[in-house]
Amino acid sequence: MVDLPRVTDNGHLGPINSALVPRYGGAPTFALLPSIDEAVAAGHRPDIKVVGVPFDSGVSYRPGARFGPGHIRQSSRLLRPYNPATGTSPFAQAQVVDAGDLVVNPFNMDEAIASIQSDALELTADGASLMVLGGDHTIALPLLRAAAERAGSPVALLHFDAHLDTWDTYFGAAYTHGTPFRRAAEEGLLDTEALCHVGTRGPLYGKADLDDDTRFGFGIVTSADVYREGADAVAARLVERISGRPLYISVDIDVLDPAHAPGTGTPEAGGMTSRELLEILRGLRGLEVVGADVVEVSPAYDHAELTGIAAAHVAYDLIGLLGERA
Ligand SMILES: N=C(N)NCCCC(=O)O
Ligand SMILES: [Zn+2]
Ligand SMILES: [Zn+2]
């Protein structure tokens, strides 16, 4: 394979130069970034590793998020190096690489969760942070375990989702995509002063769901709150609550309205627009983001890459936030 010309900026090896090589050909690493092997072979030390977790054994409705990482990468080919919304170049402020996909057992939940946790710890042993492409929301639990261990303390959590994901069990199972944040709270992984769901909406099983959630320390900014208050005011509130604490950001793509992200497993009407979500993320600059994920992209239900493109742009802005620490 010939060496492809890449954009290099600020000493960092960036995406394939799409002015010289057609962006629709070749291997779809995230945003056409170098693979970890290519970057390391060229003498670069990764600051941010994009990693896929193709796993969906925790879903309660439509399946298929195991194909999310590949779809998000394919939908990320058009991302360009400079983000005018923030005035930054996410791939120049830090060395960002694509570390490929984890190998996760689809038939053994305990083994899957344990291996995601240990792989996340191994990938961050060199001080790098992770931008994870899911996968269903179950994977947030082992990722939070690893993030809290690396931070040396419980972490603040911003959780963008239509759902609370603090339910207790499904069919008696404790580890599902509807339960990761209850388990994380029980395990003491979360900084109970700085937890917030953003974008929640849709029917619950009962009012007790909300009471439980409050007991774990979560605040809620609903999808309707975002509509009424606007992205800037919401971001300002979140920054006030979280500032100065190590922060993990988990984005379930179903936080977006099905019109913006149809390709997901448990869609709910009345969601945020992709513009609102991106603007809230941009309002979080200056926070100490230690890890992030984008989950629940199920490509079989997508159309014209709507969901894949939304997820790719969310990951791009999250990489911008992660890179502020590099
Ligand atoms: N994490 C996501 N996307 N969905 C959770 C929905 C759980 C339920 O079926 O009630
Ligand atoms: Zn959800
Ligand atoms: Zn979720």
Side-chain angles (χ1 to χ4, degrees), residues 36 40 44-51 53 90 93-97 99 102 104 110-135 137-161 165-166 174-175 179-198 213 215-219 238-252 281 284-295 315 317-326:
I36 190 167
V40 169
H44 298 270
R45 196 184 64 80
D47 299 307
I48 299 172
K49 297 172 182 170
V50 180
V51 65
V53 182
Q93 67 183 356
Q95 179 60 58
V96 190
V97 303
L102 303 188
V104 188
D110 292 341
E111 187 184 316
I113 288 177
S115 74
I116 294 167
Q117 181 182 347
S118 60
D119 288 352
L121 282 169
E122 195 176 313
L123 282 164
T124 53
D126 56 3
S129 51
L130 300 186
M131 176 63 246
V132 173
L133 312 176
H137 225 153
T138 312
I139 68 172
L141 176 65
L143 295 171
L144 279 166
R145 286 179 182 164
E149 182 166 337
R150 282 278 166 247
S153 70
V155 292
L157 172 67
L158 269 183
H159 169 220
F160 294 86
D161 201 323
D165 290 356
T166 50
Y175 301 102
T179 57
F181 302 116
R182 190 184 192 107
R183 298 289 92 80
E186 290 168 347
E187 293 181 19
L189 307 175
L190 305 179
D191 174 349
T192 53
E193 300 289 297
L195 308 178
C196 199
H197 307 290
V198 183
D213 194 74
R215 196 157 40 79
F216 297 128
F218 280 94
L238 297 173
V239 167
E240 198 179 325
R241 191 176 173 111
I242 283 161
S243 180
R245 304 160 189 265
L247 168 67
Y248 188 91
I249 302 181
S250 185
V251 180
D252 183 327
L281 293 177
L284 301 179
R285 269 172 292 158
L287 294 180
E288 198 200 327
V289 184
V290 298
D293 64 55
V294 181
V295 299
D317 267 87
L318 288 171
I319 288 168
L321 291 174
L322 286 164
E324 290 189 324
R325 286 168 70 236

Residues that F218 engages under ring-ring contact (aromatic ring centres under 6.0 Å, His included), provided they are two or more places apart: H197
Taking side chain as C-beta onward, heavy atoms only, is L141 less than 4.5 Å from E187? yes
Which heavy atom of A292 sits nearest to which heavy atom of L318, and what is that distance? CB-CD1, 4.0 Å
Determine yes or no for a side-chain-to-main-chain donor-acceptor pair under 3.5 angstrom, with D191 supplying the side chain and P154 the backbone. no
Within this structure, what is the CZ-CG distance for the pair R183 and L190, rounded to the nearest 0.5 Å? 12.0 Å
For the student: nearest non-hydrogen atoms of P46 and V97, plus distance: CB-CG2, 3.8 Å
Could you walk me through whether L284 and I249 satisfy the side-chain contact (heavy atoms from CB on, under 4.5 Å) test, starting with their C-alpha distance in whole Å, then the side-chain angles of each, then the deciding distance to 0.1 Å, before giving a yes or no? CA-CA 10 Å; L284 301 179; I249 302 181; 4.1 Å; yes
Within this structure, what is the CD1-OH distance for the pair I113 and Y175, rounded to the nearest 0.5 Å? 6.5 Å
Decide side-chain contact (heavy atoms from CB on, under 4.5 Å) for I48 and Q95; before the verdict, give the C-alpha distance in whole Å, the side-chain angles of both, and the deciding distance to 0.1 Å. CA-CA 6 Å; I48 299 172; Q95 179 60 58; over 6 Å; no
Separation between CG (L157) and OG1 (T192), nearest 0.5 Å, reads 12.0 Å
Minimum-distance pair of heavy atoms, taken over all atoms of G323 and A94: CA-CB, 4.1 Å
Hey, does S243 have a side-chain heavy atom less than 4.5 Å from the side chain of L287? yes
Between R45 (side chain) and D126 (backbone), is there a donor-acceptor pair under 3.5 Å? yes
Between R150 and V290, does a side-chain contact (heavy atoms from CB on, under 4.5 Å) hold up when you go through it step by step? CA-CA 9 Å; R150 282 278 166 247; V290 298; over 6 Å; no
Compare all side-chain heavy atoms of F160 with those of L281 and state whether any distance is below 4.5 angstrom. yes
In terms of heavy-atom contacts, M131 and V294 come closest through CE-CG2, 3.6 Å
Roughly how far, to the nearest 0.5 Å, is CD1 of I242 from OH of Y248? 14.0 Å
With heavy-atom distances below 4.5 Å as the criterion, would you say the side chains of V155 and R245 are in contact? no
Here the pair of heavy atoms bringing V96 nearest to P90 is CG2-O, 3.7 Å
Sub-3.5 Å donor-acceptor pair from the side chain of E288 to the main-chain atoms of R325, do we have one? no
The test is side-chain contact (heavy atoms from CB on, under 4.5 Å); show your working for L123 and L102 and say whether it passes. CA-CA 10 Å; L123 282 164; L102 303 188; 3.9 Å; yes
Is there side-chain contact between V51 and D119, with heavy atoms separated by less than 4.5 Å? no
Side chains of I36 and K49 in contact at under 4.5 Å (non-hydrogen atoms): yes
Test salt bridge (charged side-chain N to carboxylate O under 4.0 Å, His left out) applied to D213 and R215, step by step: CA-CA 5 Å; D213 194 74; R215 196 157 40 79; over 6 Å; no
Shortest non-hydrogen contact from A120 to L143? CB-CD2, 4.0 Å
When you compare the side chain of F181 with that of L195, does any pair of heavy atoms fall below 4.5 Å? no
Answer whether the closest heavy-atom distance between the side chains of H159 and H137 falls below 4.5 Å. yes
Taking A174's backbone N and O only, do any of them form a donor-acceptor pair with T179's side chain (distance below 3.5 Å, no angle check)? yes
